[in-house]
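Only a predicted model underlies this, so the values are computations on that prediction, with no experimental measurement involved.
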Amino acid sequence: MVSSAFNENRAFPEIPSDNSSAKPAEKADAPYPWVISPVLDFVFIYGGVFWLMCVMHVMLFGFNAANLENLKYHVGGPVDWGVSQWWVLMAMVTPVLINNTHTWATYMRIYGSTEDRERFKFYGRYLIWAPLILFVSALIYPPLQGWVVYVHMGWVFQHYTSQTYGVGLIYCYKRNYVMSAREKQIYKLLLASISGYVITQLACMREAVPADMWGVPLPFLGLPREIHTAAVGFLIVMSVMFTGMVIVHYFKHKRMMPFPTLTMTLGVALLGMATDYGSLIAWLWAPPFLHGAQYCLISLSYYLKEKGLPNGWSSADISKALLTKPAIKWMAWAIIGGNFIYVVIPHIMADFGWSFMAIVSVVQGCVNFHHFLTDGAIWKLRDAKTRQLLIS
């Protein structure tokens, strides 16, 4: 049995070299094609469950709320009630266990070791005060709350597409799908065009921006609609170029872009372009299953590899490490930390007369601005150590 205790230099004690889990030397150098495992990657990383939940939601309830009145398939009273309540429970639990948690994983990275604290000291010592200053300022000057939420609505989508690009590249590297600099640029611009579609919609189309968010009145930039029209054209051009790139690459190199990369890319496109209740359904299941869980498991995988897998283990054994004490402790702290920010603090503020959901929205924006900026520094695939640990 593998010990779950860390020692000074290694996360796990060494395992004898003749252990049955050891991999042949010639295979050890090949990148492991999954981040964790085929099943866990499908469920939590590349969006398989996001697609399943969206499809099942529409099949069971149509483009409506997940409640008993909207249930399409009436099997029987207890079964119908159980299905609808399970759906509601999932919608309530996933933000607590996944959405809130992933933000704290960023802090566990920048404060995780002496090396990281020094390396990311700008983000961990100085920029870390920005969310608090912005939050206090928003409480003192209420109109600022609306701007925090409004800017966050657009920036969070850019954050989603940026993460999709990075994780998509990880799967490409792991599957030996080698893109040229031009192909990478096309892929990056495709995701940027999806982000641009959403952001210009929020900036140019009054009907795309609610009057308020959980009681926080929202401003509206009111830029010319022609800017959004141009963004739509750019999206169409990049979609055609990306499709052509994938097809040409397949016929030229006999390799298809990895399915996980395509699944994530289509998922974030659906999230950005779905309308009406379809958009609400997509936003219900994308934050946990197309972003938050993805971030948490990749961060945890990085943490465990950085600390050191047992001697003789390969990255293919990373799923076993998820059951060890260091991994469980990491996940527990991530859940506690994330929910302290997004649940405990708003509850404390609510006790003093503030609207709970309004404070959640403002806190989310203030904290996430730091989260977005910090992520751009800590997950650079150009960095040799980061690339080696993410792709191994």
Side-chain angles (χ1 to χ4, degrees), residues 35 41-42 45-48 50-51 54 153-205 208 223 225-275 278-279 282-283 285-287 289-292 294-295 298 372 375-376 379-382 387 390-391:
V35 175
D41 280 32
F42 172 82
I45 297 181
Y46 66 82
F50 160 73
W51 284 101
C54 288
M153 290 171 65
W155 198 351
V156 73
F157 195 84
Q158 186 277 332
H159 176 63
Y160 276 33
T161 56
S162 179
Q163 182 170 307
T164 298
Y165 175 72
V167 180
L169 286 185
I170 289 173
Y171 277 110
C172 287
Y173 290 134
K174 280 177 167 290
R175 306 300 176 86
N176 243 350
Y177 185 86
V178 181
M179 287 192 285
S180 66
R182 179 177 177 274
E183 289 174 325
K184 287 181 185 177
Q185 189 65 17
I186 290 174
Y187 182 39
K188 189 173 187 177
L189 287 175
L190 169 72
L191 289 165
S193 70
I194 299 171
S195 178
Y197 174 90
V198 173
I199 292 172
T200 57
Q201 190 176 51
L202 293 171
C204 305
M205 301 177 66
L223 298 181
R225 295 178 75 102
E226 289 77 13
I227 295 177
H228 179 64
T229 302
V232 173
F234 181 50
L235 173 59
I236 293 172
V237 170
M238 293 315 306
S239 299
V240 172
M241 290 185 67
F242 175 76
T243 303
M245 179 202 83
V246 172
I247 294 172
V248 170
H249 190 105
Y250 174 76
F251 283 106
K252 185 176 180 179
H253 302 285
K254 305 303 179 186
R255 297 188 71 86
M256 176 56 68
M257 179 171 276
F259 179 73
T261 301
L262 292 173
T263 301
M264 289 185 295
T265 304
L266 291 173
V268 81
L270 172 68
L271 184 64
M273 288 180 278
T275 59
S279 178
W283 277 100
W285 305 118
F289 295 118
L290 195 62
H291 183 74
Q294 177 187 94
Y295 191 97
I298 290 175
F372 299 159
D375 274 358
W379 295 116
K380 291 183 183 294
L381 285 175
R382 292 191 299 271
R387 183 173 63 251
L390 288 177
I391 297 171

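- Between A231 and G196, the closest heavy-atom pair is CB-O, 3.9 Å.
- Between I45 and Q294, the shortest heavy-atom contact is O-NE2, 2.6 Å.
- Scanning for side-chain contact (heavy atoms from CB on, under 4.5 Å) contacts around F157 gives T161, I194, S195, V198, V268, L271, W283, with sequence neighbours left out.
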Discussion item. If you apply the rule side chain to side chain contact (heavy atoms under 4.5 Å, CB included), what do you find for L169 with M179, and how did you get there?
Written reply: CA-CA 9 Å; L169 286 185; M179 287 192 285; 3.4 Å; yes
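- Remark: W51 engages no residue in a ring-ring contact (aromatic ring centres under 6.0 Å, His included) (not counting sequence neighbours).
- Nearest heavy-atom pair, L290 versus G267, reported as atom, atom and distance to 0.1 Å: CD2-C, 3.6 Å.
- For H228, the ring-ring contact (aromatic ring centres under 6.0 Å, His included) partners at least two apart in sequence or on another chain are Y197.
- Every residue two or more places apart in sequence or in another chain was checked for a side chain to side chain donor-acceptor pair (under 3.5 Å) with Q201, and none qualifies.
- Every residue two or more places apart in sequence or in another chain that forms a side chain to side chain donor-acceptor pair (under 3.5 Å) with Y295 is listed here: T106, D375, W379.
- The side-chain contact (heavy atoms from CB on, under 4.5 Å) search around L189 returns Q185, F234, M238, not counting sequence neighbours.
- With sequence neighbours left out, Y173 forms a side chain to side chain donor-acceptor pair (under 3.5 Å) with K184.
- Legend: residues meeting side-chain contact (heavy atoms from CB on, under 4.5 Å) with V246, ordered by chain and number and at least two apart, are F242, M256, M257.
- Qualifying side chain to side chain donor-acceptor pair (under 3.5 Å) partners for K188, counting only residues two or more places apart in sequence or in other chains: none.
- Here the closest non-hydrogen pair linking P287 and A282 is CD-O, 4.2 Å.
- Partners of S239 under the side-chain contact (heavy atoms from CB on, under 4.5 Å) rule, at least two apart in sequence or in another chain, are L190, L235.
- Between Y160 atom OH and F372 atom CZ the span is 8.0 Å, to the nearest 0.5 Å.
- For residues 246-270, every residue pair satisfying the side-chain hydrogen bond (donor to acceptor under 3.5 Å, both in side chains) rule, not counting sequence neighbours, is listed here: E183-H249, Y187-T265.
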